[in-house]
Protein chains: 2
Amino acid sequence: MARSDTRYREAYNRLLDHCAALSAGTPLPAETVLSEIAGVSRTVVRRCLARLSDLGVIALDGRAKYLLRVPGPEDRIDVTRSPDGREDLEQRFLDWILRFDVPAETPLSVAELARTFGVTQHQLNEFLAGLSRFGLVARRPRGGWMLRGFTKDFAIELSDFRLVLELDAIAKLVEAPVDHPVWQRLADLRERHLILASQIDTHFHAFSKLDEAFHEAINDIVRNRFVAEFQKVISLIFHYHYMWDKTEEKQRNAAAIQEHLAVIDALEARDANRAAEAARRHLRTSRSTLLSSLRHHDLG
Amino acid sequence: MARSDTRYREAYNRLLDHCAALSAGTPLPAETVLSEIAGVSRTVVRRCLARLSDLGVIALDGRAKYLLRVPGPEDRIDVTRSPDGREDLEQRFLDWILRFDVPAETPLSVAELARTFGVTQHQLNEFLAGLSRFGLVARRPRGGWMLRGFTKDFAIELSDFRLVLELDAIAKLVEAPVDHPVWQRLADLRERHLILASQIDTHFHAFSKLDEAFHEAINDIVRNRFVAEFQKVISLIFHYHYMWDKTEEKQRNAAAIQEHLAVIDALEARDANRAAEAARRHLRTSRSTLLSSLRHHDLG
DNA sequence: GTTCTTGTCCTAAATTATTAAAAACAATTG
DNA sequence: CAATTGTTTTTAATAATTTAGGACAAGAAC
């Protein structure tokens, strides 16, 4: 009752597959070679060989190994791969917080969360430890975790930080060479914005996705691991709140489209000051949208 | 052999102290009250009461509790508080990496590190998970961790990021009101810089500390949890590398002092452009120092 | 009957123990 | 002596254990 032996089971089946391609009587290569074939350590290979020998698939004679019979599908062992929940834990966790509108200062139960997300407590603990670097969660004095959550201060600080990063990206973008792929991306985005603007009455919901694409294109110019890490969180949070604050959604989105187009115009004109000003204006709008969506939650 | 019972032991001694102030025959208050006195849950209080009763210090009679005898120092139980190594794990870990010049792509052994730092593997795992958010370490495909380390790319990206944050701080600083404490701090820093400049021949080692104080004062103006979190790491890394690159240390530090003074001058003149330019110049120097210290390590 | 106190039980979190896997080292064989 | 295997040690993942916290119910005291 310790760690799972998935690794061994998978290796065993891989080795079976390897043997199935041979004919009976063929000698098998050395353990080292087999371990490379199966992509595991020699320890695992030896366990597999022992079982193969027990079941009479191979014969071990000193240091020689012969295939006694060609294995079939019935020889395989079950491998109930525990689904690796760590995959998109971040997405799912943020989604959970935002979707269920978990309030700030909520105590988080590792055990419960681990159940809901289908991961071990250990994995969840590590994940929370990571998030604590973003100030999103914190350890409680007597053990356990607490969601520091989307308070007003958090939103303001996040918006400020976003502004700093994005203005930097804008400044770098203006300096990008003419053959940089970003210009094509921006041209495409302009098209999509114009199309959406013409259909705003019926398709205004589609803006959220477009907003994400727009900011991603801009920030993509900054090749920086620190920036990239933050962008993931930032975009997710803004994306969700955009979708939720339903007050005057159509007007807001129509206005935002124009703000985006103003940024694109200025960028294509290589006018750094104008681009910065346009970006600043848009991010100010974005920030107040985020804040107002928080206010609505406070009230209701 | 699970978690320590330090909490229980400390609570027990606290309750003893409480009883020592009473006289024999005095009735004790309810469990709930005692739990507030000792600052623990009722569960712990009950365990303490059971022991007190076993040792004949108190008598439990239905719901009444009487003090049989006034406890003395001999009744206390040992409490060997395990030192909380989590305290400054971050400092010590970065110190270790930098001091022993651990190269990039080094596999990190949780077991070994936990031993050296005197923490449990669990705690170290959580810590590494946190660091992975900064891209300093990463999980290895088959379990375990790897130090991604101070490569050239890392240094460049870190410097870039620092530049972005610090220019923002500078811009905000210029706008700070005249009665903001930062101006006094800057005035003090100017003094210290001038003093050090006059003694540069003998005291040039002292610059590293001064550099740290200077950047801290500037960045302190930005009240932002995300910025603050990064500053911790940034300052530590630059601080160490400053101390190590011994090539032309005196000249470098003398030059850096002048760069700092130029920033202070511009700030006090409320000249945003000049301050930004001066900061940019200083950070450029700082960056090349960091890079050259990496190059030296590569060679040697 | 209401309120305070305690008994009981359940859940959570920290930490140890256990197991699988990897790696290092020694021995052996061709 | 080079390749291979046997053996041992170490590491990392995870289940099990234990302490702690809290909820609820039963009962006593007023």
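Worth knowing before you read on, the calculation uses all heavy atoms, side chains too, and leaves out hydrogens, waters and symmetry mates. Below, read A as the first sequence line, B as the second, and so on, with proteins coming before strands; counting in each chain starts at 1. As the structure is a computational prediction, the values presented were derived from the model and not from experiment.
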Under 4.0 Å: is that the gap between some side-chain N or O of Ser41(A) and OP1 or OP2 of dA22(C)? yes

Tyr12(A) OH to dA20(C) P, in whole Å, measures 17 Å

Mind calculating the distance between CZ (Arg51(B)) and P (dT19(D)) to the nearest angstrom? 14 Å

Whole-Å distance, Arg9(A) CZ to dA13(D) P, equals 20 Å

Between dT14(D), dG21(D), dT15(C), which nucleotide has the shortest distance from any of its atoms to the side chain of His122(A)? dT14(D)

Leu124(A) vs Val119(A) side-chain heavy atoms within contact, under 4.5 Å: yes

Take the protein atom CZ of Arg46(A) and the nucleotide atom P of dC25(C), then report the distance between them rounded to whole Å. 18 Å

Rounded to the nearest Å, what distance is computed from the CG atom of residue Leu124(B) to the P atom of nucleotide dT15(C)? 14 Å

Would you say Lys65(A) reaches dT4(D)'s phosphate, i.e. side-chain N/O to OP1/OP2 under 4.0 Å? no

Polar-atom pairs under 3.5 Å, protein N or O versus N or O of nucleotides 24-30 of chain D: list them with distances, or write none.
| unit_1 | atom_1 | unit_2 | atom_2 | d |
| --- | --- | --- | --- | --- |
| dG27(D) | N2 | Arg63(B) | NH1 | 3.2 |

Arg92(A) to Phe117(A), cation-pi by 6.0 Å centre distance and 45° axis angle: no

Within 45° of the six-membered ring axis of Trp145(A) and under 6.0 Å from that ring's centre, is NZ or CZ of Arg139(A) located there? yes

When the distance from CG of Leu128(B) to C1' of dT11(D) is rounded to whole Å, what number comes out? 14 Å

Is there a side chain to side chain contact (heavy atoms under 4.5 Å, CB included) between Trp96(B) and Leu113(B)? Walk through the geometry before answering. CA-CA 10 Å; Trp96(B) 174 77; Leu113(B) 288 177; 3.7 Å; yes

Looking at every strand, decide which applies to Arg47(A) at a 4.0 Å heavy-atom threshold: base, sugar-phosphate, or nothing. sugar-phosphate

Short question: side chain of Thr26(A), backbone of Leu22(A) - any donor-acceptor pair under 3.5 Å? no

Picking from dA20(D), dA22(C), dT15(C), the nucleotide nearest the side-chain atoms of Gln123(B) would be dT15(C)

Minimum heavy-atom separation for Glu31(B) to Leu49(B), with atom names? CG-CD1, 3.9 Å

Taking the nucleotide of DNA chain D with the nearest heavy atom to each, does Thr43(A) or Ala30(A) sit closer to the 5' end? Ala30(A)

Interface polar pairs with nucleotides 11-13 of chain C, N/O, under 3.5 angstrom:
| unit_1 | atom_1 | unit_2 | atom_2 | d |
| --- | --- | --- | --- | --- |
| dA12(C) | OP1 | Arg115(A) | NH2 | 3.4 |
| dA12(C) | OP2 | Arg115(A) | NH2 | 3.4 |
| dA13(C) | OP1 | Leu108(A) | O | 3.4 |
| dA13(C) | OP1 | Val110(A) | N | 3.3 |
| dA13(C) | OP2 | Val110(A) | N | 2.9 |
| dA13(C) | OP2 | Ala111(A) | N | 2.9 |

Interatomic distance where CD belongs to Glu10(B) and P belongs to dA20(D) [whole Å]: 10 Å

Side chain to side chain, Val137(A) and Met146(A), heavy atoms closer than 4.5 Å: no

Under a 3.5 Å distance rule, please check whether Gln123(B) uses its side chain to pair with a backbone N or O of Thr120(B) as donor and acceptor. yes

Figure out the CG/C1' separation between Leu28(B) and dT5(C), and round it to whole Å. 14 Å

Would Arg225(B) count as a cation-pi partner of Phe154(A), with NZ or CZ less than 6.0 Å from the six-membered ring centre and within 45° of the ring normal? no

